[in-house]
Amino acid sequence: MDNARASAVLDAYTASEQLIAERVETAVLERVTGFGDWYNHDAVTALATQLTALVESGQRNETALTDAYLQRIIAETIGTEVGSTALVDPATLRQGTTHVGAYTRLANQYRWQISLGIAASAAASAAVNRARTMAKTDLRMAARAQARKTLSNKGVKLYRRVIRPELSPKGVCGICLAASDRIYFVGDLLPIHNGCKCAVMPIINGKDPGRFLTRGDLDRLYADAGDSTERWALFNQRYEITEHGEIGPMLVDPKHHFRGPDEVPMALE
């Protein structure tokens, strides 16, 4: 498989992923926007159950798509067809909780913000935004887990993180840029972050199309930035990989502080 063909397959995968994400996000926001029974346990549980059904349906589509994408990349790289891999069960992806349990936290956040004196409209808006972010993260977790399972099943040992600037109208995340020149072992889950849009590209028999794709994107981004503060910010961005107890490995900016369990207010319970 040459680099141009790898790029075309990645582009097709990206377009299909976008359709899945848009459908899930639209459906999730329709359920959360206008919801008002944040103090009603049964109503909150029913909402979380509905959101879980929507998100897990999207995750099943995401895992099937990711497996098909990687099948095609592998098959065209080695010159022979390869079979499908069993799909990851989306219900197992959040560690230590269920999707229903995770989405009921929207009510915890709402009630906590109300307890701080925040206006109900602002608290409701924050709940909507959190639901959107959670759904996006769940889709990325599904793609990440399926990629590891498919690549492991096919005997692939290494892969590369591939940035997708076309999915980031406001600019590619600097953390993803900094991490994009790293090669990962298949046994390691791809570190993600909120809003992450990176894909994976396997390295097979020394063939590394992801290096070409990422290098081209980086060169264009640096050229677009010119001799500016933005350009030097891209060059100087650093990252750390931390282990999130529920989501798994995540990319973080080492200059930022993230609360630990002891720092979460009791009002969230």
Side-chain angles (χ1 to χ4, degrees), residues 1 5-31 49-78 80-95 98-100 102-103 131-164 166-167 184 186-192 195-204 209-210 213 246-249:
M1 169 178 276
R5 175 58 182 159
S7 179
V9 174
L10 177 63
D11 287 346
Y13 171 61
T14 296
S16 296
E17 266 200 319
Q18 278 294 93
L19 291 176
I20 293 172
E22 288 168 3
R23 286 197 295 266
V24 171
E25 181 176 339
T26 297
V28 165
L29 295 187
E30 284 178 351
R31 301 306 190 282
T49 301
Q50 292 172 15
L51 297 180
T52 294
L54 292 170
V55 168
E56 290 189 358
S57 175
Q59 287 179 303
R60 284 189 286 271
N61 291 333
E62 182 71 49
T63 57
L65 176 65
T66 299
D67 183 58
Y69 155 68
L70 291 172
Q71 279 185 61
R72 180 51 43 204
I73 292 290
I74 295 168
E76 295 196 24
T77 300
I78 66 177
T80 185
E81 289 298 317
V82 296
S84 60
T85 298
L87 301 182
V88 170
D89 179 2
T92 66
L93 294 178
R94 281 190 178 261
Q95 303 168 44
T98 63
H99 281 120
V100 172
Y103 282 94
R132 177 191 288 112
T133 298
M134 290 176 67
K136 289 180 177 180
T137 298
D138 282 323
L139 291 177
R140 298 314 310 147
M141 289 171 66
R144 175 178 71 175
Q146 188 62 47
R148 180 169 71 167
K149 186 169 185 178
T150 297
L151 294 178
S152 296
N153 181 264
K154 299 298 181 281
V156 177
K157 304 298 184 185
L158 302 170
Y159 69 90
R160 186 180 291 276
R161 181 185 208 97
V162 180
I163 58 174
R164 294 184 282 183
E166 68 275 17
L167 298 183
Y184 296 85
V186 167
D188 298 327
L189 280 175
L190 180 75
I192 60 174
C196 187
K197 297 178 176 63
C198 293
V200 304
M201 183 67 70
I203 300 172
I204 303 172
L213 299 177
E246 187 172 306
I247 295 173

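Residue numbers run from 1 in the order of the sequence given. This is a predicted model, so every value here is computed, not measured.
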Checklist outcome for this item: To the nearest 0.5 Å, atom CD1 of Ile73 lies from atom CG of Leu151 at 10.5 Å

Next on the checklist: Please check this pair: side chain of Arg148 against backbone of Gly187, looking for a donor-acceptor N/O pair closer than 3.5 Å.
Outcome noted: yes

Item to check | Audit row: His99, Met134, side chain to side chain contact (heavy atoms under 4.5 Å, CB included) steps and yes/no | outcome: CA-CA 10 Å; His99 281 120; Met134 290 176 67; over 6 Å; no

Next on the checklist: Please report the interatomic distance CD(Glu56) to CG(Leu93), rounded to the nearest 0.5 Å.
Outcome noted: 8.5 Å

Checklist entry - Does Lys136 reach the side chain of Met141, with side-chain heavy atoms less than 4.5 Å apart? => result no

Checklist entry - If you round to the nearest 0.5 Å, how far is CZ of Arg5 from CG of Leu10? => result 11.5 Å

Checklist entry - Tell me, do Leu158 and Pro202 make a side-chain contact under 4.5 Å, heavy atoms counted? => result no

Item to check | Leu54 CG to Leu29 CG distance, which is reported to the nearest 0.5 Å | outcome: 10.5 Å

Checklist entry - Does a side-chain heavy-atom distance below 4.5 Å link Arg160 with Val200? => result no

Item to check | Ser16 OG to Asp11 CG distance, which is reported to the nearest 0.5 Å | outcome: 11.0 Å

Next on the checklist: Looking at Ser57 and Ala53, would you say the former's side chain and the latter's main chain have a donor-acceptor pair under 3.5 Å?
Outcome noted: no

Checklist entry - Shortest non-hydrogen contact from Ala135 to Val24? => result CB-CG1, 4.3 Å

Item to check | Met201/Tyr69 under side chain to side chain contact (heavy atoms under 4.5 Å, CB included): CA gap, chis, key distance, verdict | outcome: CA-CA 10 Å; Met201 183 67 70; Tyr69 155 68; 3.4 Å; yes

Next on the checklist: Working to the nearest 0.5 angstrom, can you tell me the gap between Glu30 CD and Leu51 CG?
Outcome noted: 11.5 Å

Checklist entry - Considering all heavy atoms of both residues, which atom of Ala143 and which atom of Glu17 are nearest to each other, and what is their separation? => result CB-OE2, 4.0 Å

Checklist entry - Below 4.0 angstrom, N of the basic side chain to O of the carboxylate: do Arg60 and Asp89 qualify? => result no

Next on the checklist: Test your reading of the model: is there a side-chain donor-acceptor pair from Thr92 to the backbone of Val88, 3.5 Å cut-off?
Outcome noted: no

Checklist entry - Stepwise, does the salt bridge (charged side-chain N to carboxylate O under 4.0 Å, His left out) test hold for Glu62 with Arg144? => result CA-CA 10 Å; Glu62 182 71 49; Arg144 175 178 71 175; over 6 Å; no

Checklist entry - Hey, is the main chain of Arg23 close enough, under 3.5 Å, to the side chain of Thr26 for a donor-acceptor pair? => result no

Checklist entry - Does one side chain, of Tyr13 or Thr66, offer a donor that lies under 3.5 Å from an acceptor on the other? => result yes

Next on the checklist: Taking the side chain as everything from C-beta on, heavy atoms only, tell me whether Tyr159 gets closer than 4.5 Å to Ile203.
Outcome noted: no

Checklist entry - Can you check whether Glu81 reaches Arg72 side chain to side chain, under 4.5 Å on heavy atoms? => result yes

Next on the checklist: Looking at Asp67 and Thr85, would you say the former's side chain and the latter's main chain have a donor-acceptor pair under 3.5 Å?
Outcome noted: yes

Checklist entry - Between Ser152 and Lys149, is there a donor-acceptor pair closer than 3.5 Å when you use the side chain of the first and the backbone of the second? => result no

Next on the checklist: Measuring only between side-chain heavy atoms, which start at C-beta, is Val55 closer than 4.5 Å to Val28?
Outcome noted: yes

Next on the checklist: Measuring only between side-chain heavy atoms, which start at C-beta, is Asp138 closer than 4.5 Å to Gln59?
Outcome noted: yes

Checklist entry - Can you check whether Val100's main-chain N or O pairs, donor with acceptor, with Thr52's side chain at less than 3.5 Å? => result yes

